[in-house]
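Structure first, then comments.
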2 protein chains.
Amino acid sequence: MNNSRLLPSSGQPPTSCARVDCDACDVRALTFCGDLGHDAMSAVASIVSRIEVPAHALLAEEGEQSPYVYNVTAGTAKLYKSLPDGRTQVLGFLLPGDFLGLGDDRLGGLAAESLTRVSVCRFRRRDFENLQERIPVLGRRLLSLAQDEIARSREQMLLLGRKSARERLASFLLGLYDRLEARGEANDPLPLPMTRTDIGDYLGLTIETVSRTLAAFKRDGIISLDGVHAVRLLDPERMRSLATGDEADRMAAC
Amino acid sequence: MNNSRLLPSSGQPPTSCARVDCDACDVRALTFCGDLGHDAMSAVASIVSRIEVPAHALLAEEGEQSPYVYNVTAGTAKLYKSLPDGRTQVLGFLLPGDFLGLGDDRLGGLAAESLTRVSVCRFRRRDFENLQERIPVLGRRLLSLAQDEIARSREQMLLLGRKSARERLASFLLGLYDRLEARGEANDPLPLPMTRTDIGDYLGLTIETVSRTLAAFKRDGIISLDGVHAVRLLDPERMRSLATGDEADRMAAC
DNA sequence: CGATGCCTTGAGAGGAGTCAAGCACGGTGG
DNA sequence: CCACCGTGCTTGACTCCTCTCAAGGCATCG
């Protein structure tokens, strides 16, 4: 991580995204306002700026409250939180369409770092909040997004509290697979832009356990590795039952 | 758990909470509309009914979408989620003021069970959603509550992914202590209405580890037990550093 | 080609899980 | 009033999954 700071003012002058230009923005930028209608969209477009972020840049730091809110339009980033002694927990990976910084004026803000080159739409927090008041439907959309996030967090708590290493890895791979599928992005050779360390920190495991477990999946013929940063799920359904512990590891032990 | 079903229609006829009566409801019922103003409050009051729930009753079941939304006004309940083989993760304990069921028309709904006698304000989900549209400030309040929940979930993910058993227990006790403090409820002999199993399922530990760790805390003079369902934190600050791993267990090992 | 960073693999240790008694409390019924 | 359960909590002995420590492989990059 070169940790080139990105915030609050990037080296690159933000490319303004003019109102009429809105459709020129990557369409995914607007999934969160999707069918909100033309007025809402142009209002959103009027306060947004587009920014390109290099890989391994800090988008937000722990304990800091950023004056901006971001919506990722391309690339991948990680959200994380650490203990004083350095142990860290990755809270999630941001994919195109995801927001960053929405409610993070909360207890102990978190850090975010780009894993790849990332494109974001940036809003000044104040502007964005004003907009919510003027466009009620936008507020409702955000509430719905927040509830999705809560549902995902709960799933992850179940994983972290109760699943074995195999189940965690299987859940992780499938979750990524499904999220990319839902966004219409390529997932057949499943891209893994994050490092083994990131995966371990996301799943509450060590890097060695991640590596060993992936090796075991490969031995068992459940996945094949395309280099280090791409996996092929050879049997998604099998993987799905591994993830929930249904057909426990008995079969895998063979 | 006698699992007396509570939903969708309780045995007890819901006590209607008339508009003018709103102040008669337990004040905490209204913390979520707090300073929303008189109009909003009476609108809320007009669609609410008050219900008393016995201990160990199911308020919601996994995989079911309840037509109601609840706000707890007295007592404690647990929210949880299970794997097919029975392993369960407690996602949180609901205290007075907390909502139940807000976004739970989401992926794999969760179960909720009262731990003590509980009083709730019940809303029909549809009514509640209509209200949000009519009273924008209510929607904003809910968004803010959802963001609090997300922040708490993240803290819990860090706990589940990265903390030791001692740190988990310390975090749990302190978290409860602080939440009760914030609500102005008694927390000196800290009440623990949940069983050891519930605590274990919340912290991703077994019942034996919970028991042993509490015993160790007692030996170390960090807590004293008032029976099984009440604890006294003898040194909250010491506990606080235990919870984050600051002054690691080195001291405790002495 | 050495240096660096990331990943893999092995050997051994340890923290929490599992299995199994035993204890304490509260309820029930003779 | 007390013997008898049932349930939940504690404690001990042992196991095992994952972590820790350490070495080695394999790219990329100056």
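These numbers come from the heavy atoms of this one structure, side chains and all, not from hydrogens, waters or symmetry mates.
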I'd like to know whether B:Lys81 forms a salt bridge (Lys or Arg N to Asp or Glu O under 4.0 Å) with B:Glu62, so could you lay out the CA-CA distance, the side-chain angles of the two residues, the decisive distance to 0.1 Å, and finally the verdict. CA-CA 7 Å; B:Lys81 200 168 165 53; B:Glu62 269 181 281; 5.2 Å; no

I'd like to know whether A:Asp220 forms a salt bridge (Lys or Arg N to Asp or Glu O under 4.0 Å) with A:Arg166, so could you lay out the CA-CA distance, the side-chain angles of the two residues, the decisive distance to 0.1 Å, and finally the verdict. CA-CA 12 Å; A:Asp220 298 348; A:Arg166 282 179 76 90; 3.0 Å; yes

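As judged by a 4.0 angstrom heavy-atom cut-off over every strand, A:Gly204 is placed among residues touching the sugar-phosphate backbone only.
The salt bridge (charged side-chain N to carboxylate O under 4.0 Å, His left out) search around B:Arg196 returns none, not counting sequence neighbours. Partners of A:Arg240 under the side-chain contact (heavy atoms from CB on, under 4.5 Å) rule, at least two apart in sequence or in another chain, are A:Leu174, A:Asp178, A:Glu237. Among residues two or more places apart in sequence or in another chain, the side-chain contact (heavy atoms from CB on, under 4.5 Å) test is passed with A:Thr209 by A:Ala165, A:Leu205, A:Thr206, A:Thr213. Every residue two or more places apart in sequence or in another chain that forms a salt bridge (charged side-chain N to carboxylate O under 4.0 Å, His left out) with A:Asp226 is listed here: A:Arg232. Remark: B:Leu115 engages B:Thr76, B:Lys78, B:Phe93, B:Met194, B:Asp198 in a side-chain contact (heavy atoms from CB on, under 4.5 Å) (not counting sequence neighbours). Not counting sequence neighbours, B:Phe217 has no partner by the ring-ring contact (aromatic ring centres under 6.0 Å, His included) test. In terms of the ring-ring contact (aromatic ring centres under 6.0 Å, His included) criterion, B:Tyr177 has no residue partners (sequence neighbours excluded). Residues satisfying the side-chain contact (heavy atoms from CB on, under 4.5 Å) test with B:Ala146, not counting sequence neighbours, are A:Leu143, A:Ala146, A:Ile150. Listed by chain and residue number, A:Asp98 satisfy the salt bridge (charged side-chain N to carboxylate O under 4.0 Å, His left out) test with A:Arg179 (two or more places apart in sequence, or in another chain).
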One character per nucleotide, please: for nucleotides 24-30 of chain D, 5' to 3', B when the base has a protein heavy atom closer than 4.0 Å, S when only the sugar-phosphate does, - otherwise. -------

For nucleotides 7-13 of chain C, read 5' to 3', which letter fits each nucleotide if B means a protein heavy atom sits under 4.0 Å from the base, S means only the sugar-phosphate is that close, and - means neither? SBBBB--

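With rounding to whole Å, A:Arg166 atom CZ is found 12 Å from D:dC17 atom P. The nearest whole Å value for the distance from the CG atom in B:Leu192 to the P atom in D:dT10 is 11 Å. Separating the CG atom of B:Asp201 from the C1' atom of C:dG17 is a distance of 14 Å, rounded to the nearest angstrom. For B:Leu203 and C:dG15, the CG to P distance is 19 Å, given to the nearest whole Å. Remark: C1' of C:dG26 and NE2 of B:His56 are 13 Å apart, rounded to the nearest angstrom. If you take CG of A:Leu205 and C1' of D:dT20, they are 14 Å apart, rounded to a whole angstrom. To the nearest angstrom, C1' of C:dC6 lies 12 Å from CG of A:Asp198. Whole-Å rounding puts the B:Lys218 NZ to D:dC9 C1' distance at 12 Å.
When the C1' atoms of four end pairs are superposed on the next four at each end of the helix from C:dC1-D:dG30 to C:dG30-D:dC1, using five pairs per end, the two resulting axes differ in direction by 20°, to 10°.
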